[in-house]
Amino acid sequence: MEILSKPFGRITIDERQILEFPNGLMGFEGLKKYALMDSDQPPFYWLQSLDIPDVAFVLISPYVFRPDYVLDIPGEDADALEFEAQEDLLTFAICTIPENPKEMTANLQGPLVINRKKRLGIQSISLDSKWQVKHGILKEMDGGE
Amino acid sequence: MLILARKKNESIKIGDNITVSVVEIKGDQVKLGIDAPDSVKIFRNEVYDAIQKENKNAAQTPGSLKGLGDFFPPQK
């Protein structure tokens with residue numbers, strides 16, 4: 001199907017890229033349908049709102065820069081994902097890319113967790129307080145903390 | 001919003017499975033005890049506020065990620 005996207009304008013996506021977020025994202029609760037898309041700059045992805053073309057989030061897998069990241073989320077959020085096996089889940093962090101892109105940060109405190117079989121997603125909250133909303137991606141990739 | 005006044009050691013029951021108790025009152029700080037099933041999520045409101053705020057910042061990211069991939073080693 002054809003959609004309007006923030007990064008690419010009008011593009012064609014496959015139905016299998018469409019995800020349902022029953023509770024939306026925090027601050028964007030009314031937007032529940034998104035498309036998960038590759039970006040032209042791996043390892044980043046885009047989460048594109050299908051309701052408002054201007055709303056799109058850059059995502060990165062936490063393990064790219066924090067291989068020590070462990071997903072630890074509340075039971076009721078895990079239940080909401082209705083997953084049968086751990087492998088069904090994908091974890092992403094939403095990135096903020098400021099004026100100076102080298103200072104890009106990722107939110108590891110509020111990860112996006114997606115059940116790729118059911119195409120269901122949530123934004124959860126990490127139970128481990130060491131994960132914050134702003135982690136310097138490049139700094140931490142180099143082992144800085 | 002339902003507002004109830006409680007003294008130290010008094011408690012409130014929410015639904016069938018959640019109890020909130022006033023454990024201690026020290027100056028302007030109230031220490032609350034929450035008894036709830038493990039699966040129920042309980043967070044300080046500031047955490048929600050911080051995530052919401054960061055989501056809104058993140059939504060400002062421009063549509064072009066030009067050159068951003070160069071900072072990363074080739075992905076498997």
Side-chain angles (χ1 to χ4, degrees), chain A residues 5-9 24-29 39-44 46-49 52-61 64-65 73-80 93-99 101-102 104-107 109-112 123-127 129 132-134 137-138 141, chain B residues 1-4 11-76:
Chain A
S5 74
K6 177 166 154 178
F8 309 119
L25 301 188
M26 289 179 222
F28 296 84
E29 286 80 0
S39 78
D40 54 2
Q41 297 286 321
F44 295 100
W46 282 99
L47 188 70
Q48 171 68 52
S49 165
I52 301 183
D54 206 43
V55 174
F57 299 94
V58 177
L59 307 184
I60 195 171
S61 163
V64 165
F65 67 105
I73 62 173
E76 63 180 290
D77 282 357
D79 291 344
I94 296 179
C95 303
T96 300
I97 320 271
E99 281 273 317
K102 288 195 191 164
M104 54 177 132
T105 60
N107 180 350
Q109 189 172 27
L112 297 190
Q123 181 168 35
S124 187
I125 302 181
S126 180
L127 289 170
S129 57
Q132 298 295 301
V133 294
K134 277 190 192 311
I137 297 173
L138 297 184
M141 195 161 68
Chain B
M1 180 181 278
L2 177 64
I3 299 180
L4 301 170
S11 56
I12 294 167
K13 197 153 176 182
I14 300 173
D16 290 331
N17 303 314
I18 301 172
T19 302
V20 179
S21 318
V22 179
V23 167
E24 189 182 296
I25 304 176
K26 212 194 262 178
D28 61 0
Q29 190 184 79
V30 179
K31 197 176 274 188
L32 300 171
I34 303 147
D35 198 4
D38 283 342
S39 58
V40 174
K41 50 189 178 181
I42 303 171
F43 292 100
R44 292 174 172 76
N45 239 331
E46 298 91 88
V47 173
Y48 283 90
D49 290 344
I51 295 174
Q52 201 179 100
K53 182 169 168 209
E54 196 57 32
N55 280 354
K56 290 185 179 173
N57 285 340
Q60 305 292 315
T61 292
S64 167
L65 300 183
K66 192 157 184 163
L68 236 49
D70 297 344
F71 292 113
F72 298 85
Q75 300 296 300
K76 283 165 262 180

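Residue numbering restarts at 1 for every chain, and letters A, B, ... go by the order of the sequence lines.
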Contact part of [X] toward chain B, heavy-atom cut-off under 4.5 Å: side chain, backbone, both or neither?
{"X": "A:Ile52", "value": "neither"}
{"X": "A:Leu25", "value": "both"}
{"X": "A:Ile73", "value": "neither"}
{"X": "A:Val133", "value": "both"}
{"X": "A:Gln123", "value": "side chain"}
{"X": "A:Ser49", "value": "neither"}
{"X": "A:Glu29", "value": "side chain"}
{"X": "A:Ile125", "value": "both"}
{"X": "A:Ser61", "value": "neither"}

How long is the straight-line distance from [atom2] of [Y] back to [atom1] of [X], given to the nearest 0.5 Å?
{"X": "B:Lys66", "Y": "A:Gln41", "atom1": "NZ", "atom2": "CD", "answer": "9.0 Å"}
{"X": "A:Gln132", "Y": "B:Glu54", "atom1": "CD", "atom2": "CD", "answer": "11.0 Å"}
{"X": "B:Lys56", "Y": "A:Phe28", "atom1": "NZ", "atom2": "CZ", "answer": "6.5 Å"}
{"X": "A:Glu76", "Y": "B:Ile42", "atom1": "CD", "atom2": "CD1", "answer": "9.0 Å"}

Ring centres under 6.0 angstrom apart (B:Phe72, A:Phe65):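 B:Phe72 vs A:Phe65: aromatic centres not under 6.0 Å.
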For [X] and [Y], indicate whether the former's side chain and the latter's backbone hold a donor-acceptor pair under 3.5 Å.
{"X": "B:Asn55", "Y": "A:Met26", "answer": "yes"}
{"X": "A:Thr96", "Y": "B:Asn57", "answer": "no"}
{"X": "B:Lys41", "Y": "A:Leu127", "answer": "no"}

Quick check: closest heavy atoms across [X] and [Y], and the distance to 0.1 Å?
{"X": "B:Thr61", "Y": "A:Ile97", "value": "OG1-N, 3.2 Å"}
{"X": "B:Phe43", "Y": "A:Ser126", "value": "CE2-O, 3.8 Å"}
{"X": "B:Gly63", "Y": "A:Lys6", "value": "N-CE, 3.9 Å"}

In terms of heavy-atom pairs under 4.5 Å with chain A, which of B:Gly69, B:Ala58, B:Ser39 leads?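 Among the listed options, the one with the most contacts to chain A is B:Ser39.
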Which of the residues A:Asp77, A:Asp54, A:Ile94 is involved in the greatest number of heavy-atom pairs with chain B at under 4.5 angstrom?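 Sorted descending by pairs with chain B, the first entry is A:Asp77.
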Between A:Thr105, A:Asp40, A:Val55, A:Asn107, which has the largest tally of heavy atom pairs under 4.5 Å with chain B?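 When all of A:Thr105, A:Asp40, A:Val55, A:Asn107 are compared, A:Asn107 has the most.
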Measure distances from B:Pro62 to the heavy atoms of chain A and classify the residue's part below 4.5 Å as side chain, backbone, both or neither.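 Both the backbone and the side chain of B:Pro62 come within 4.5 Å of chain A.
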Measuring heavy-atom distances to chain A, does B:Phe71 have an atom under 4.5 Å in its side chain, in its backbone, in both, or in neither?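 Both the backbone and the side chain of B:Phe71 come within 4.5 Å of chain A.
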For B:Asp38, look at atom CG and say whether over 12 heavy atoms of other residues, nucleotides or ligands are found less than 6.0 Å away.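 Result for CG/B:Asp38: open.
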